[in-house]
J.: 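There's a structure below that I have some questions on.
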Amino acid sequence: MSWESRPGTARHYYTRSRKVNGQIIREYVGTGPRADQAAAADQAQRQRRHAAHAHFREESQSWARLVDKSAAVSQLCGEALTAMLMVAGYHQHARGEWRRRRG
């Protein structure tokens with residue numbers, strides 16, 4: 001999507017590029033008010049798309065921070081549980097289940 005001019009001409013014309021069936025198709029829009037409207041519509045669509053991407057990025061970062069915090073809490077809970085079981089007289093058999101010590 002760009003304004004272009006050919007060598008030797010002073011006129012600018014607007015073209016769009018889009019992908020159809022995996023191929024990039026270049027569409028000539030023209031000059032004048034019709035081209036100005038098409039360029040404005042394309043710019044508005046581009047801004048909406050960028051805003052949506054920014055919103056998605058912010059949401060992703062927010063979820064990543066939440067996952068990091070929950071992983072830290074989970075690790076602390078696991079360490080607390082291990083400490084409580086050891087104090088209560090249990091041991092972890094072959095890094096598997098917890099068993100009460102004999103005697």
Side-chain angles (χ1 to χ4, degrees):
M1 294 169 226
S2 65
W3 287 96
E4 297 182 6
S5 64
R6 297 287 176 181
T9 62
R11 295 188 66 159
H12 287 69
Y13 59 94
Y14 187 70
T15 61
R16 288 181 178 146
S17 298
R18 57 191 169 98
K19 200 176 264 194
V20 176
N21 295 329
Q23 291 184 333
I24 296 177
I25 304 297
R26 192 168 185 141
E27 175 186 357
Y28 172 79
V29 177
T31 61
R34 181 173 174 238
D36 290 335
Q37 290 174 348
D42 289 345
Q43 180 64 25
Q45 182 182 19
R46 195 175 306 117
Q47 287 175 347
R48 283 192 302 271
R49 195 170 51 242
H50 286 303
H53 287 303
H55 179 22
F56 178 76
R57 245 187 332 273
E58 289 172 8
E59 286 291 319
S60 294
Q61 290 171 351
S62 175
W63 279 105
R65 285 191 300 271
L66 183 63
V67 166
D68 290 343
K69 288 179 182 178
S70 64
V73 168
S74 177
Q75 183 179 358
L76 286 173
C77 289
E79 291 171 1
L81 178 64
T82 299
M84 286 190 293
L85 286 170
M86 290 179 136
V87 168
Y90 287 82
H91 71 283
Q92 199 170 12
H93 177 71
R95 297 186 187 154
E97 62 186 38
W98 286 90
R99 295 181 178 176
R100 185 139 177 95
R101 289 209 184 270
R102 294 184 198 165

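Quick caveat: nothing in here was measured; it's all calculated off a predicted structure. One-based numbering along the sequence shown.
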J.: Please report the closest heavy-atom contact between R16 and A38, naming both atoms and the distance.
T.: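 Residues R16 and A38, closest heavy atoms: NH2-CB, 3.3 Å.
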
J.: Report the residues that fulfil side chain to side chain contact (heavy atoms under 4.5 Å, CB included) with H53, sequence neighbours left out, ordered by chain and then residue number.
T.: R49, R57

J.: Is a side-chain donor-acceptor pair under 3.5 Å present for Q43 with R46?
T.: yes

J.: Considering all heavy atoms of both residues, which atom of H12 and which atom of T31 are nearest to each other, and what is their separation?
T.: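 So the two residues come closest at O-CG2, 2.9 Å.
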
J.: Can you tell me how far apart CD (Q45) and NE2 (H50) are? Round to the nearest 0.5 Å.
T.: 10.5 Å

J.: Inspect the surroundings of CD1 in I24 and state if more than 12 heavy atoms from other residues, nucleotides or ligands are less than 6.0 Å away.
T.: no

J.: Do side-chain atoms of R101 reach the backbone of M86 as a donor and acceptor pair under 3.5 angstrom?
T.: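 Checked: no pair found.
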
J.: Do E97 and Y90 have side-chain heavy atoms sitting under 4.5 Å apart?
T.: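 Of all side-chain heavy-atom pairs linking Y90 with E97, none is under 4.5 Å.
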
J.: Between S74 and S70 (side chain of the first, backbone of the second, donor and acceptor by atom type, cut-off under 3.5 Å), is there such a pair?
T.: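 Not confirmed, S74 side chain does not pair with S70 backbone.
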
J.: I need the minimum non-hydrogen distance between G30 and W3, along with the two atoms involved.
T.: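 G30 and W3 have their closest heavy atoms at O-CZ3, 4.4 Å.
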
J.: Does a side-chain heavy-atom distance below 4.5 Å link K69 with V73?
T.: no

J.: So, taking the atom named CG in L85 and the one named CZ in R100, what distance separates them when rounded to the nearest 0.5 Å?
T.: 10.5 Å

J.: For S62 and E58, indicate whether the former's side chain and the latter's backbone hold a donor-acceptor pair under 3.5 Å.
T.: no

J.: A side-chain contact here means heavy atoms from C-beta on lying under 4.5 Å apart; do Y14 and D36 qualify?
T.: no

J.: Check the surroundings of atom CD in E79: do more than 12 heavy atoms from other residues, nucleotides or ligands lie under 6.0 Å from it?
T.: yes

J.: For H91, does the NE2 atom have more than 12 heavy-atom neighbours from other residues, nucleotides or ligands under 6.0 Å away?
T.: yes

